[in-house]
Amino acid sequence: MPPRRATPHPASLGVHLPPCAGQDPAGPPDALDLRRAVCAWFEESARDLPWRDPAAGAWAVLVSEVMLQQTPVVRVEPIWREWMHRWPDPRALASASTAEVLQAWRGLGYPRRALRLRECAVVIRDHHGGRVPSEEAHLRALPGIGEYTAAAVRSFAFTAHAVVLDTNVRRVLGRVVGGEALPPPTLTRAERERAASLLPREPGQAARWNVAVMELGALICTARSPLCQDCPVARHCRWRAEGYPPDAHAARRRRQPWEGTDRQARGRVMAALRASAQPLPRDELEPLWPQDPTQLDRALASLVADGLATHTPRGYLLG
DNA sequence: AACGCGGGGCA
DNA sequence: TGCCCAGCGTT
C-alpha cells in the first residue's frame, strides 16, 4: 500500500476515458500486462488532485502544468486554487498586472514562469479566441510551453494521443524497461522511442496510461527510496530483476550550488520586493546581500532585464 | 549538450 | 548538507 494515500474514491481524469481495458496491440508483448497493472493501481491509489477534476478544463490544466515545472505538487496546490479563483480564464489573467502576478506566485520559485504564463494568456486571448489551443504547434508557440508541457496539456486536457515524458515517467520506464537506476541527465531519442512504443494507440487509453505511470513515479517509483514492496509492476521491473544496479550516469550528473550564488541573491531581492508596497532604494537592499555589492548589482540588473523588477527614481519595484 | 534559473523539505 | 521536484529558453 502506498505511503501517502489517497482518496476514498477513484481518481478521475478527463471526461469519459474508458477504463484501462487492454486490447491495444501497441508495444512489446509485455506491455499489455504492464499497462493493466499500472492503470489498475492508479484507479485505487491516485491522489485526488484538483486539476484532474473532469470539470477543470484546459486552462486549469495549463496553469497547473506550468506551476508544476520543477515545483512539487504539495506546494503548487494551494497557489493553483488561488489562481483559478482569481483568474478563472485566460482573459482574466491577461488583464492582471505584473506585480499582481508575481505577488501571487510566491513560494513556487522560478518567477519568470509567472510572467510567461500571463504572456500565454495574452496570446490565447488575442490569437486563439480566449481558448487554450489543442494543436501541438500552437501550444509549443506559447511562451514557457515546451515539449513536456505541450504533451501534458494535449493528453490531459484534450485526451490527445501524446507522449508525456516528465521526470517521473522517465524514471519509471528507465527502471522497468531499461534496467537503469535513474534516467540520463538529458532526454534522449531512445527514451522517446521507448515511451512511444509503450503508448496505447487509442487516445483515451494513452491519456489514462500517461497519468497513471506519472503517478506511479511520484508515489511509488520515487527517485530516493522507491517503495518496491508496494509496486504493482515489480514483477515486470528490469532494474529490480538485475539486482538494482547503481546509477550509471552519476558521474556526469552535476549538482547546482546555491549558497552565495546569483540565484540566491535574486531570490532574496525578490522576496524583499514582494514584501514591500513601495519602491526600495538600493541602500535598503544592500543589507540583504552584504557580502558582495557587485553581485547585488548584477542580480538587480538581471531582475530588471527579466522583467521581474523595475528601476524607478525612488528605488526598485516588483514587476 | 550544457547552463542558468527558486525555493523548500527531507534523508 | 545534498538531493529532488509534472522543465524551459538560451548559448
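Reminder, nothing fancy here: chain letters follow the sequence lines and each chain counts from 1. Keep in mind that this is a model prediction, so the values were computed, not measured.
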Item to check | 5′-ward residue of the pair A:Thr71/A:Ser225 relative to DNA chain B | outcome: A:Thr71
Could you check whether [X] gets within reach of a base, just the sugar-phosphate, or nothing at all, counting any heavy atom under 4.0 Å?
| X | answer |
| --- | --- |
| A:Ala223 | sugar-phosphate |
| A:Pro185 | nothing |
| A:Arg252 | sugar-phosphate |
| A:Thr149 | sugar-phosphate |
| A:Arg140 | nothing |
| A:Gln264 | nothing |
| A:Arg116 | sugar-phosphate |

Next on the checklist: When the C1' atoms of C:dC5 and B:dC5 are compared, how many Å lie between them, rounded to an integer?
Outcome noted: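 Taking atom C1' in both B:dC5 and C:dC5, they lie 14 Å apart.
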Checklist entry - In whole Å, what separates the C1' atom of C:dC4 from that of B:dG6? => result 13 Å
Checklist entry - Between C:dA6, B:dG7, C:dC3, which nucleotide gets closest to the side-chain atoms of A:Asp166? => result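 Out of C:dA6, B:dG7, C:dC3, the nucleotide with an atom closest to A:Asp166's side chain is C:dA6.
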Item to check | Listed nucleotide nearest any side-chain atom of A:Glu65, set B:dA2, B:dG7, C:dA6 | outcome: C:dA6
